[in-house]
Enquirer: 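I am attaching a structure below and will ask some questions about it afterwards.
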Amino acid sequence: MRKIVIALSVLMALTSCVSKKKYAELEAKNKETQDLLNSCTVKLNTCLEEKAGLAATAESYKQHNQDLINSSKDLTILTTKGAENLEKSLESLKEKDLKISRLQDALTKKDSVTLALVTSLKGAVGINDPDIEVNVEKGVVFISIADKLLFKSGSYDVSDKAKTVLAKVAKVVNDKPDFECMVEGHTDNVPYKSNGIILDNWDLSVKRSTSIVRVLTNDLGVNPAKLIAAGRSSYVPLVANDTAEDKARNRRTRIVVMPKIDQFYDMIEKEMKKQAK
């Protein structure tokens with residue numbers, strides 16, 4: 001029994017380290033992508049302004065040519081210079097439209113994928129449950145589940161009721177092959193009294209995360225390669241830990257569901273390179 005306990009402790013320590021490293025990489029990648037998306041938005045706004053200016057110029061040339069046609073009954077009076085300027089303006093407009101369209105397609109695709117995911121999750125999980133929240137922040141979908149649905153106090157054994165909720169989440173994730181999930185454990189700020197296996201709130205948050213990951217993979221058929229286990233201890237509270245009610249809100253598990261960021265990053269990067277030529 002002592003050997004089993006030691007083995008579990010070592011395994012938990014390794015899992016925590018790997019999870020924190022992977023989590024840091026994902027957060028850095030997500031920030032990098034968000035910065036790039038912001039840059040694309042600025043570029044898009046600039047293109048729209050240039051398009052408006054070119055449209056006004058083209059309209060001016062059109063009106064000028066129409067005035068010439070009206071003042072002369074000869075349709076051939078349209079000057080070569082005016083025709084060339086009009087053609088150049090229209091061609092420039094087409095190029096701007098193409099660039100804008102490409103950027104909008106990349107940004108819209110990401111938004112539409114996120115919206116579809118939120119709709120699927122809210123329909124499957126049940127948005128009316130006050131202990132389950134589904135929301136979007138910066139293009140990432142978060143499912144927050146209160147600990148009272150998942151675990152008994154101080155425990156990391158997943159309840160039968162929790163498995164019903166997790167089964168709904170697993171179904172949505174399994175239907176989306178290009179998605180990854182990070183399972184985050186969160187505690188309140190009450191220090192955990194070590195029992196020899198779990199040392200503190202860090203250990204408890206990670207252990208609860210890995211317990212849910214095992215249910216998703218072993219019982220519900222989610223591909224392990226799509227899952228990340230992470231523990232945040234008490235350091236990312238939703239509210240201040242001033243009351244028993246607020247402490248209960250902070251004790252939660254958050255499942256972060258996100259499209260694989262690389263595909264959107266590559267798409268936008270290609271469009272930025274095209275515009276730089």
Enquirer: Before giving the answer on side-chain contact (heavy atoms from CB on, under 4.5 Å), spell out for Leu166 and Val158 the whole-Å C-alpha distance, their side-chain angles and the decisive distance to 0.1 Å.
Expert: CA-CA 10 Å; Leu166 293 175; Val158 181; 4.2 Å; yes
Enquirer: Taking side chain as C-beta onward, heavy atoms only, is Asp157 less than 4.5 Å from Phe151?
Expert: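 Heavy-atom side-chain distance check fails, nothing below 4.5 Å.
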Enquirer: Could you check whether any side-chain heavy atom of Thr46 comes within less than 4.5 Å of a side-chain heavy atom of Glu50, counting everything from C-beta outward?
Expert: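 With C-beta onward as the side chain, the pair touches.
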Enquirer: Contact between Val183 and Ile228 at the side-chain level, heavy atoms closer than 4.5 Å - yes or no?
Expert: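 Side chain of Val183 against side chain of Ile228, heavy atoms only: no contact under 4.5 Å found.
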Enquirer: Any side-chain heavy atom of Lys163 sitting closer than 4.5 Å to one from Asp219?
Expert: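 Result yes, sub-4.5 Å side-chain heavy-atom pair found.
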Enquirer: Looking at Ala229 and Val213, what are the two nearest heavy atoms and their distance?
Expert: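 Smallest heavy-atom distance, with atoms named: CB-CG2, 3.9 Å.
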Enquirer: What distance separates Ser144 OG from Glu184 CD, expressed to the nearest 0.5 Å?
Expert: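 It is 9.5 Å, given to the nearest 0.5 Å.
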Enquirer: Go through it in stages, so that I can follow the logic: the residues are Thr164 and Asp160, the test is side-chain contact (heavy atoms from CB on, under 4.5 Å), and I'd like the CA-CA distance, side-chain angles, deciding distance and then a yes or no.
Expert: CA-CA 7 Å; Thr164 301; Asp160 291 335; over 6 Å; no
Enquirer: Supply the atom-to-atom distance Arg251 CZ to Lys247 NZ, rounded to the nearest 0.5 angstrom.
Expert: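 Nearest 0.5 Å value for the CZ-NZ distance: 8.5 Å.
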Enquirer: Should Val236 and Phe142 be counted in the same cluster of Ile, Leu, Val, Met, Phe, Trp and Tyr side chains packed under 4.5 Å apart?
Expert: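 No, separate clusters.
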Enquirer: Out of Val206, Asn201, Asp200, which residue meets the side chain to side chain contact (heavy atoms under 4.5 Å, CB included) rule with Asp203?
Expert: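 Single pass found, and it is Asp200.
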Enquirer: Can you measure from OG1 (Thr217) to NZ (Lys226) and round to the nearest 0.5 angstrom?
Expert: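 Thr217 OG1 to Lys226 NZ: 12.5 Å, rounded to 0.5 Å.
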Enquirer: Are any non-hydrogen side-chain atoms of Ile255 and Met182 less than 4.5 angstrom apart?
Expert: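 In short, these two side chains do not touch, never coming nearer than 4.5 Å.
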Enquirer: Using 0.5 Å steps for rounding, measure from the OG atom of Ser211 to the CZ atom of Arg214.
Expert: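 That separation rounds to 6.0 Å.
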Enquirer: Does Leu204 belong to the same Ile/Leu/Val/Met/Phe/Trp/Tyr cluster as Val190, with side-chain heavy atoms less than 4.5 Å apart forming each link?
Expert: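 The answer is no; the residues belong to distinct hydrophobic clusters.
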Enquirer: Do Lys207 side-chain atoms and Gly185 backbone N/O form a donor-acceptor pair below 3.5 Å?
Expert: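 No; zero donor-acceptor contacts below 3.5 Å.
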Enquirer: Indicate the atoms forming the closest heavy-atom contact of Gly231 with Trp202, along with that distance.
Expert: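 Heavy atoms of Gly231 and Trp202 come nearest at O-CZ3, 3.1 Å.
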Enquirer: Please report the shortest heavy-atom distance between Ser209 and Ala230, naming the atom on each side.
Expert: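 Looking at all heavy atoms of both residues, the shortest contact is OG-N, 3.0 Å.
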Enquirer: If you count the non-hydrogen atoms of other residues, nucleotides and ligands that lie under 6.0 Å from NZ in Lys171, is the total more than 12?
Expert: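 Counting other residues, nucleotides and ligands, NZ of Lys171 stays at 12 neighbours or fewer.
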Enquirer: To the nearest 0.5 Å, what is the distance between CG (Leu238) and CZ (Arg254)?
Expert: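 Nearest 0.5 Å value for the CG-CZ distance: 8.0 Å.
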Enquirer: Is Asp147 salt-bridged to Arg208, going by a charged N under 4.0 Å from an acidic O?
Expert: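 Salt bridge between Asp147 and Arg208, a charged N being under 4.0 Å from a carboxylate O: yes.
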Enquirer: Quick one, Ser234 and Thr187 - any side-chain contact, counting heavy atoms below 4.5 Å?
Expert: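 The answer is yes; the side chains approach within 4.5 Å.
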Enquirer: Could you measure the distance from the CG atom of Asn241 to the CG atom of Asn250? Nearest 0.5 Å is fine.
Expert: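 Rounded to the nearest 0.5 Å, the CG-CG separation comes out at 4.5 Å.
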Enquirer: Is there a side-chain contact between Leu150 and Ile145 in this structure, where contact means two heavy atoms from C-beta onward sitting under 4.5 Å apart?
Expert: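 A side-chain contact exists here, since the closest heavy-atom pair is under 4.5 Å.
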Enquirer: Does Pro237 offer a backbone N or O that forms a donor-acceptor pair with the side chain of Arg232 under 3.5 Å?
Expert: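 Not a single qualifying donor-acceptor pair exists.
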Enquirer: Are Ile212 and Leu216 packed together at the side-chain level, in the sense that at least one heavy-atom pair is separated by less than 4.5 angstrom?
Expert: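 Side-chain contact under 4.5 Å: yes.
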Enquirer: Is it true that a side-chain atom of Asp246 and a backbone atom of Asp242 form a donor plus acceptor pair closer than 3.5 Å?
Expert: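 Such a contact is absent between Asp246 side chain and Asp242 backbone.
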